[in-house]
Chemist: 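If you scroll down you'll find the structure; I have some questions about it.
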Protein chains: 2
Amino acid sequence: MSIRQIIRAIDLHSKKLSKESGLTGPQLILMRSIRELGDVTIKELSNKTNMSQATATAILDRLERNGYVIRVRSTTDKRKVHAQLTEEGRHLLAKAPLPLQQSFINKFQKLEEWEQSLLLSSVQRISAMMNAEDIDVAPMLEIGSITNAE
Amino acid sequence: MSIRQIIRAIDLHSKKLSKESGLTGPQLILMRSIRELGDVTIKELSNKTNMSQATATAILDRLERNGYVIRVRSTTDKRKVHAQLTEEGRHLLAKAPLPLQQSFINKFQKLEEWEQSLLLSSVQRISAMMNAEDIDVAPMLEIGSITNAE
DNA sequence: TACAAAATATTCGTCTACGAATTAATTTTG
DNA sequence: CAAAATTAATTCGTAGACGAATATTTTGTA
């Protein structure tokens with residue numbers, strides 16, 4: 001139930017974002033990845049952002065339709081397609097807000113350091129337990145700050 | 001990133017479920033709620049399951065189309081519509097698996113009691129921080145077992 | 001070299017999810 | 001009591017998400 005509420009909160013925020021800045025959460029994540037990785041293929045993008053290629057293609061369709069991204073077919077390997085930010089996309093991205101609610105970030109940052117670490121490692125641990133099919137449960141110890149992560 | 005991985009793991013499991021048992025995660029959740037609440041309205045269902053009425057209507061459409069649920073218009077208040085499980089739906093539900101991966105449940109149950117509590121309260125706390133717009137952060141202390149919850 | 005296998009992106013069908021608009025019924029209020 | 005406000009459900013349009021199927025290209029091997 002709690003996880004579903006988190007999913008919903010993120011989704012609702014994404015839709016609010018979309019009204020205010022013209023970009024949804026997933027679109028924002030994809031564009032940030034393109035900016036970070038440079039001249040990147042769809043495959044690399046979908047790996048990096050943890051979504052299927054089909055989903056990345058669909059989101060890129062919309063970004064391209066709106067003029068924020070262009071596709072360029074690779075010349076060395078014609079199977080590959082590279083995504084690039086347009087000037088407009090780069091500009092929009094620069095002033096777009098974060099894919100998490102500001103009020104959540106504020107609250108999180110007000111917590112003690114050890115509390116932040118605890119919450120983060122709990123989520124990472126649940127993720128690991130859900131994604132590793134067979135591997136035994138092991139504590140997750142790598143911990144960073146929510147704001148400089150990603 | 002970790003939260004997105006959790007969301008994805010739940011979604012992938014839901015689609016696997018759907019192939020095996022004919023019901024997706026959300027459909028399962030809705031049907032369990034109907035069984036639990038009895039002769040329940042769409043509004044009550046959407047509150048209980050934390051989804052919008054529009055979403056509940058869409059999921060019920062599919063459940064009704066497949067013959068697992070029927071809609072009955074209320075006689076005392078004709079705005080309301082009650083959802084009921086059919087015999088087939090009740091039967092299917094009885095043998096349907098849980099909306100979480102069994103391997104996750106196994107791993108979770110192998111953890112120490114205090115670790116289970118810690119993970120659960122962490123998730124609940126994040127949910128509270130994301131959903132309460134203005135309220136200050138307060139520790140969440142109510143903790144139950146993952147299996148008898150819901 | 002030729003042909004099978006693998007890789008890459010896209011398309012298609014389906015489901016979840018939402019807000020806004022709409023329709024119908026009930027309750028409140030002037 | 002009639003108009004206004006509220007409530008309940010549905011419809012519509014849009015976005016995200018996936019697997020399977022498909023088209024094209026590259027790679028590996030017989």
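Quick note: numbers below take in every heavy atom, side chains included, and nothing from hydrogens, waters or symmetry partners. In the text below, chain A, chain B and the rest are named by the order of the sequence lines, each starting its count at 1.
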Chemist: Any protein N or O atoms within reach of nucleotides 25-27 of chain C? Criterion: under 3.5 Å, listing atom names and distances.
Modeler:
residue: C:dT26; atom: OP1; partner: B:Lys78; partner atom: N; Å: 3.2

Chemist: CD1 of B:Ile7 versus C1' of C:dA17: gap in Å, rounded?
Modeler: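 B:Ile7 atom CD1 is separated from C:dA17 atom C1' by 12 Å.
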Chemist: State, with a plain yes or no, whether a side-chain heavy atom of A:Ile34 is found less than 4.5 Å away from one of A:Leu45.
Modeler: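 Yes; the side chains approach each other to less than 4.5 Å.
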Chemist: Going by number, which of residues 57-72 of chain A have a non-hydrogen atom under 4.0 Å from DNA chain D?
Modeler: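 Output list: A:Ile59, A:Arg62, A:Arg65.
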Chemist: Under the side chain to side chain contact (heavy atoms under 4.5 Å, CB included) rule, collect the residues that match up with A:Asn106, sequence neighbours excluded.
Modeler: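 Expected list: A:Gln102.
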Chemist: Would you mind telling me which residue lines up with the more 5' stretch of DNA chain D, A:Ala54 or A:Ser18, judged by nearest nucleotide?
Modeler: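 Comparing both residues, the 5'-ward one is A:Ser18.
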Chemist: In whole angstrom, what separates A:His13's NE2 from C:dA17's C1'?
Modeler: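 The answer, rounded to whole Å, is 17 Å.
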Chemist: Below 4.0 angstrom from OP1 or OP2 of C:dA7, is there any side-chain N or O of A:Gln53?
Modeler: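 For C:dA7, neither OP1 nor OP2 has a side-chain N or O of A:Gln53 closer than 4.0 Å.
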Chemist: Hey, does B:Thr41 reach any base, or is it just sugar-phosphate, or nothing, if we go heavy atoms under 4.0 Å?
Modeler: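 Result for B:Thr41 = sugar-phosphate.
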Chemist: Going 5' to 3' along DNA chain D, between which two nucleotides do contacts with chain A fall, using a heavy-atom cut-off of 4.0 Å?
Modeler: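 With heavy atoms of chain A under 4.0 Å away, the range is D:dA15 to D:dT26.
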Chemist: Hey, can you pull the donor-acceptor pairs under 3.5 Å for the side chains in residues 53-60 of chain A, sequence neighbours left out?
Modeler:
residue: A:Thr55; atom: OG1; partner: A:Ser52; partner atom: OG; Å: 3.1
residue: A:Thr57; atom: OG1; partner: A:Gln53; partner atom: O; Å: 3.1

Chemist: Which ILVMFWY residues are connected to B:Leu12, directly or by a chain of links, through side-chain heavy atoms under 4.5 Å apart?
Modeler: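 Its cluster partners, ordered by chain and number, are none at all.
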Chemist: Round to a whole Å and report the spacing from CG of A:Leu17 to C1' of C:dG19.
Modeler: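 Rounded to whole Å, this separation is 15 Å.
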Chemist: Both A:Lys15 and B:Lys15 contact DNA chain C. Taking the nearest nucleotide for each, which residue is further toward the 5' end?
Modeler: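 The residue whose closest nucleotide sits nearer the 5' end is B:Lys15.
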Chemist: Could you give the CG-to-P distance, from A:Leu45 to C:dT8, as a whole number of Å?
Modeler: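 Between P of C:dT8 and CG of A:Leu45: 13 Å.
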Chemist: Output the rounded distance in Å from NZ (A:Lys43) to C1' (C:dA6).
Modeler: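 My rounded result for the distance is 10 Å.
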Chemist: Tell me every residue that passes salt bridge (charged side-chain N to carboxylate O under 4.0 Å, His left out) with A:Glu64, counting only those two or more places apart in sequence or in another chain.
Modeler: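 Applying salt bridge (charged side-chain N to carboxylate O under 4.0 Å, His left out) to A:Glu64 gives A:Arg71.
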Chemist: Could you work out the complete set of other residues in the hydrophobic cluster of B:Val72, with links drawn between I, L, V, M, F, W and Y side chains under 4.5 Å apart?
Modeler: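 Traced through the cluster, B:Val72 reaches B:Ile70.
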Chemist: Please give, in whole Å, the distance from C:dA17 C1' to A:Gln5 CD?
Modeler: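 Interatomic distance, CD of A:Gln5 to C1' of C:dA17: 16 Å.
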Chemist: Run the side chain to side chain contact (heavy atoms under 4.5 Å, CB included) test against B:Ser127 and tell me which residues pass, sequence neighbours left out.
Modeler: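 If we apply the side chain to side chain contact (heavy atoms under 4.5 Å, CB included) test to B:Ser127, skipping adjacent residues, the hits are A:Ser2, A:Gln5, A:Ile6, B:Asn131.
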Chemist: Checking B:Asp11 now: which residues fulfil salt bridge (charged side-chain N to carboxylate O under 4.0 Å, His left out) with it, not counting sequence neighbours?
Modeler: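 Scan of B:Asp11 (salt bridge (charged side-chain N to carboxylate O under 4.0 Å, His left out), adjacent residues dropped) gives B:Lys15.
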Chemist: Who pairs with A:Asp77 by side chain to side chain donor-acceptor pair (under 3.5 Å), at least two apart in sequence or on another chain?
Modeler: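 Applying side chain to side chain donor-acceptor pair (under 3.5 Å) to A:Asp77 gives A:Arg79.
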Chemist: At less than 4.0 Å, is any side-chain N or O atom of B:Thr55 found next to OP1 or OP2 of C:dA17? Yes or no.
Modeler: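 Answer no for this pair, as no side-chain N or O of B:Thr55 is under 4.0 Å from OP1 or OP2.
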Chemist: Who passes side chain to side chain donor-acceptor pair (under 3.5 Å) against A:Glu87, sequence neighbours left out?
Modeler: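 A:Glu87 satisfies side chain to side chain donor-acceptor pair (under 3.5 Å) with no residue once adjacent residues are dropped.
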Chemist: Determine whether B:Arg73 and B:Lys80 make a side-chain contact, defined as any pair of heavy atoms from C-beta on separated by less than 4.5 Å.
Modeler: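 No, every pair of side-chain atoms sits at 4.5 Å or beyond.
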